[in-house]
Amino acid sequence: MAGKQSPCPNDPGGDWPSSPAAAIEIQRRLAGQVRIEPLDVDSVERVAAVDMSFPGGRAVMHRLPAAGLAAAVVYDLRRSEVIESVFVTGEVHMPYIPGLLSFRECPLALEALHCLRTTYDVLLADGQGRAHPRRMGIACHLGLVLDVPAIGCAKGILVGEVQGKLGSRRGSRAGLVDRGETVGMAIRTRSGVKPVYVSVGHRVDLASAAALVERTLGRYRIPEPLRQAHIVATQMRRRGV
DNA sequence: GCGACAG
DNA sequence: ATCTTGTCGC
């Protein structure tokens, strides 16, 4: 358990739309700004990851504004440990709408990332990157706003279908294709366990993204940086912050 | 109209 | 995403 773990004062983000129509318009405009290029995965030393957690059961879940908690960590690949961990709490003003997740989570997620004092080489987001109906998932959004290499790693599919048959052994891969375009990669991170879906967020290409994710794997299905961010987000919420 | 649908 | 204990299996 290395690294610190402290709350961070909230700060104003950018201006975020509250209507689905406005959000979709923004996605159409931003999608063309995503840059796909190779990333030198072998030289990556620090990987940042963000995840969110929300309180309450179905009763208060879809009530807005809602309380949310975003956690961000920086993971050192060489030492295989978290070197910094932060979190922020705040209000979420958008409901969860498939395809518009970034507008619900980005404001708080960005606040958390802004609190990090450690620099990092690439950002991992819990969700899709280009494997999105408008090629503008949360990983693309975060990567564009911060102008950092970003990768989306989702536990489920939003659009597209796995090409062919994905092997059951760890390390097996299969393309994720949507409307004739390979938008992501299904990767079996543990033998006999459901795969994760990796896609380009920003300033990386699919091959680099897949390689980076595999470099961050520990003994679990979810890449270690993301798994750690998820643990922080969940524990801080249950601790009643 | 019906089914799908990241977190 | 969240509510939850034990339990079956490699």
Side-chain angles (χ1 to χ4, degrees), chain A residues 16 20 23-24 27 30-31 34 49-72 87 89-110 112 123-143 150-162 168-170 176-179 183-202 209 213 219-223 225-227 229-241:
Chain A
W16 296 87
I24 289 174
Q27 289 185 324
L30 293 181
V34 169
V50 274
D51 188 37
M52 291 195 64
S53 137
F54 302 87
R58 50 175 182 55
V60 72
M61 219 160 71
H62 282 309
R63 185 128 200 84
L64 295 176
L69 189 157
F87 69 87
T89 57
E91 298 289 292
V92 170
H93 300 273
M94 275 276 283
Y96 165 66
I97 298 174
L100 299 181
L101 175 68
S102 68
F103 295 93
R104 172 177 172 79
E105 303 196 342
C106 276
L108 265 187
L110 286 169
L123 172 65
L124 231 44
D126 188 1
Q128 316 293 347
R130 297 223 340 161
H132 176 281
R134 289 169 292 281
R135 307 297 183 255
M136 199 46 216
I138 189 169
C140 299
H141 214 141
L142 291 173
I151 295 169
C153 180
K155 299 181 293 298
I157 294 174
L158 176 59
V159 296
E161 56 186 41
V162 177
S168 63
R169 306 297 295 175
R170 175 186 179 131
L176 179 63
V177 179
D178 178 47
R179 292 177 295 168
V183 295
M185 189 82 81
I187 300 179
R188 190 82 69 180
T189 55
R190 290 206 68 191
S191 298
V193 174
K194 300 294 294 179
V196 295
Y197 304 89
V198 177
S199 58
V200 169
H202 186 49
V213 164
R219 55 181 295 199
Y220 300 90
R221 175 197 179 213
I222 304 301
L226 270 180
R227 198 177 77 85
H230 184 273
I231 289 174
V232 172
T234 302
Q235 290 189 339
M236 289 306 101
R237 174 177 55 73
R238 290 180 179 165
R239 180 176 300 187
V241 175

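To find a chain, count down the sequence lines: A is the first, B the second, and so on, and within it residues start at 1.
Stem analysis of DNA chain C (at least three stacked-register Watson-Crick or G-U pairs, each with both distances under 3.5 Å) gives none. Base pairing in DNA chain B gives no stem of 3 or more Watson-Crick or G-U pairs under 3.5 Å.
Here H230(A) does not reach the OP1 or OP2 of dG7(B): none of its side-chain N or O atoms lies under 4.0 Å away. Proximity of R238(A) to the phosphate of dC3(C): a side-chain N or O atom is located under 4.0 Å from OP1 or OP2. Regarding contacts with the backbone of dT2(C), a side-chain N or O of R237(A) is found under 4.0 angstrom from either OP1 or OP2.
Counting non-hydrogen atoms of other residues, nucleotides and ligands closer than 6.0 Å to CD of E161(A) gives a total of 12 or fewer.
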**salt bridge (Lys or Arg N to Asp or Glu O under 4.0 Å) between R135(A) and D178(A), worked out** = CA-CA 10 Å; R135(A) 307 297 183 255; D178(A) 178 47; 2.9 Å; yes

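Distance check, rounded to the nearest 0.5 Å: CE of M94(A) to SG of C106(A) gives 10.5 Å. Taking CG of L123(A) as the start and CD1 of I151(A) as the end, the distance is 9.0 Å to the nearest 0.5 Å. Atom CD of Q128(A) and atom NZ of K155(A) lie 10.0 Å apart (nearest 0.5 Å). A distance of 7.5 Å separates CZ in R104(A) from CE in M52(A), rounded to the nearest 0.5 Å.
Taking the ring centre of F87(A) as origin, the terminal cationic atom of R237(A) falls outside the region bounded by 6.0 Å and 45° from the ring axis. The cationic atom of R227(A) (NZ for Lys, CZ for Arg) lies less than 6.0 Å from the six-membered ring centre of Y220(A) and within 45° of the ring axis.
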Can you tabulate the close N/O pairs, meaning under 3.5 Å, that link protein atoms to atoms of nucleotides 2-6 of chain B?
{"unit_1": "dA6(B)", "atom_1": "OP2", "unit_2": "Y96(A)", "atom_2": "OH", "d": "2.8"}
{"unit_1": "dA6(B)", "atom_1": "O4'", "unit_2": "Q128(A)", "atom_2": "NE2", "d": "3.3"}
{"unit_1": "dA6(B)", "atom_1": "N7", "unit_2": "G99(A)", "atom_2": "N", "d": "3.1"}
{"unit_1": "dA6(B)", "atom_1": "N6", "unit_2": "G99(A)", "atom_2": "O", "d": "3.1"}
{"unit_1": "dA6(B)", "atom_1": "N6", "unit_2": "L100(A)", "atom_2": "N", "d": "3.3"}
{"unit_1": "dA6(B)", "atom_1": "N6", "unit_2": "L101(A)", "atom_2": "N", "d": "3.0"}
{"unit_1": "dA6(B)", "atom_1": "N1", "unit_2": "I138(A)", "atom_2": "N", "d": "3.3"}
{"unit_1": "dA6(B)", "atom_1": "N3", "unit_2": "Q128(A)", "atom_2": "N", "d": "3.0"}

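Per the geometry, CG belonging to L124(A) stands 13 Å off P belonging to dG7(B), to the nearest Å. Atoms CG (L64(A)) and P (dA1(C)) sit 18 Å apart, rounded to a whole Å.
The aromatic rings of F103(A) and W16(A) sit perpendicular to each other, their planes meeting at more than 60°, with 30° as the lower class boundary.
Side-chain N or O atoms of S191(A) include none that pairs as donor or acceptor with a backbone N or O of R169(A) at under 3.5 Å. Using a distance-only test at 3.5 Å, with no hydrogens or angles considered, a donor-acceptor pair links the side chain of Q27(A) to the main chain of G99(A).
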